[in-house]
Amino acid sequence: MLNPIAGGKKKQDIPSILKGFCADNGFLYDIFETTGKNDHQLIEDQLILFPYHGVVAIGGDGTVNLVGNVLVGKNIPLGILPMGSANGLAKDLDIPEEVDEALKIIAKFRPRFIDTLKVNGFNAFHISDLGFNARVIHRFAKSLLRGKFLYVWYGVLEFLTFKPFKYTIETPISRYDGEAFMMVITNASKFGTNVSINPLGNIRDGYFEIDIVRPFPKLHSFHIMYYLLSGKIHKSKYYKIIRTKRAVIYNLDNETFHIDGEPFPAVEKLLIEEFPKGLKVLLP
């Protein structure tokens with residue numbers, strides 16, 4: 001499944017690359033381009049018509065989420081050819097962004113299960129969050145342009161005006177109240193920028209984490225960034241982690257949120273549930 005506009009990257013060579021790759025490896029294949037209309041149903045219909053052994057998402061996290069939504073709970077593995085702006089899940093799974101290297105992983109065809117989440121009934125495979133990063137993603141989604149520089153630019157603009165939001169979290173064993181700069185819900189460990197927001201996370205351990213960056217003085221911005229880039233954010237006094245299999249988040253200020261990079265309208269309550277071994281993926 002090829003997303004022709006993902007990441008603003010040119011993909012006109014991809015069909016010929018895939019043709020040669022499949023010929024060399026004895027694979028039969030079809031290429032379908034997303035259009036933004038009934039893409040989910042198109043994949044479903046094709047899986048009914050033909051006995052595919054796998055489906056490859058060619059694009060970014062949104063494309064991976066699209067294909068993963070069809071394959072979750074099925075015994076058909078997802079392959080990833082990362083060609084988006086961030087490619088967060090691919091990076092977390094150590095799938096390289098170089099096309100030739102990613103194709104080698106697909107050729108080896110080593111499927112393994114990863115855990116998945118449901119957020120208010122929607123499947124989530126990488127990172128969902130509320131607050132700062134979600135607001136940047138909402139800005140980014142409204143733009144006609146793509147690329148990492150634009151994402152960083154929107155991040156700077158948002159940081160200058162951002163105000164924290166209030167929350168209540170209930171898990172089977174406890175309740176938490178507070179304010180947050182950012183709240184991340186994930187099985188994984190890092191954003192597509194390689195910033196590690198959940199360094200203690202394991203995408204196959206049967207649990208998910210809610211990672212909270214508490215409000216901090218702007219003078220401490222470099223402190224926070226250092227810990228994020230070095231994978232030590234869990235050592236910061238402005239960081240809190242909640243590890244659980246189920247949680248309800250009360251979004252008291254109707255804060256912006258997203259699922260796997262796809263913006264969602266603000267809601268008052270989020271129900272998050274863990275689904276161990278929910279999706280089969282071709283991994284290194």
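Remark: E170 pairs with R175 by the salt bridge (Lys or Arg N to Asp or Glu O under 4.0 Å) rule, at least two apart or across chains. Considering only residues two or more places apart in sequence or on other chains, Y238 meets the side chain to side chain donor-acceptor pair (under 3.5 Å) condition with H220. For H223, the side chain to side chain donor-acceptor pair (under 3.5 Å) criterion is met by S236, not counting sequence neighbours. Taking K269 as the reference, nothing meets the salt bridge (Lys or Arg N to Asp or Glu O under 4.0 Å) condition, with sequence neighbours excluded. Taking the side chain to side chain donor-acceptor pair (under 3.5 Å) definition, one finds that Y29 meets it with nothing, sequence neighbours left out. Residues passing the salt bridge (Lys or Arg N to Asp or Glu O under 4.0 Å) test with K277, sequence neighbours excluded: none. Remark: D205 engages R243 in a salt bridge (Lys or Arg N to Asp or Glu O under 4.0 Å) (not counting sequence neighbours). Residues meeting the side chain to side chain donor-acceptor pair (under 3.5 Å) test with S189, sequence neighbours left out: D92.
Every pair passing side-chain hydrogen bond (donor to acceptor under 3.5 Å, both in side chains) that includes a residue from residues 102-122 is listed here, sequence neighbours excluded: E101-K104, K118-N123. The stretch residues 265-284 participates, sequence neighbours left out, in no ring pair (Phe, Tyr, Trp, His ring centres under 6.0 Å) pair at all.
Scanning all heavy atoms of the two residues, the minimum distance from D211 to T186 falls at OD2-CG2, 3.7 Å. I105 approaches D94 most closely through the heavy-atom pair CD1-O, 4.3 Å. Closest non-hydrogen pair, F165 versus M183, comes out as CZ-CB, 4.0 Å. Residues L93 and P284 share a closest heavy-atom pair of O-CD, 3.5 Å.
Criterion: ILVMFWY side-chain heavy atoms under 4.5 Å apart, direct or through other members. Under it, L42 and L49 are part of a common hydrophobic cluster.
Annotation for L28: hydrophobic cluster partners, listed by chain and number, are none (ILVMFWY side-chain heavy atoms under 4.5 Å, direct or chained). Hydrophobic clustering, defined by side-chain heavy atoms of Ile, Leu, Val, Met, Phe, Trp and Tyr closer than 4.5 Å, groups L252 together with V248, Y250, L271.
With rounding to the nearest 0.5 angstrom, the CD1 atom of I197 is 4.0 Å from the CE atom of M182.
Contact check for I76 versus K280: no side-chain heavy atoms found under the 4.5 Å cut-off.
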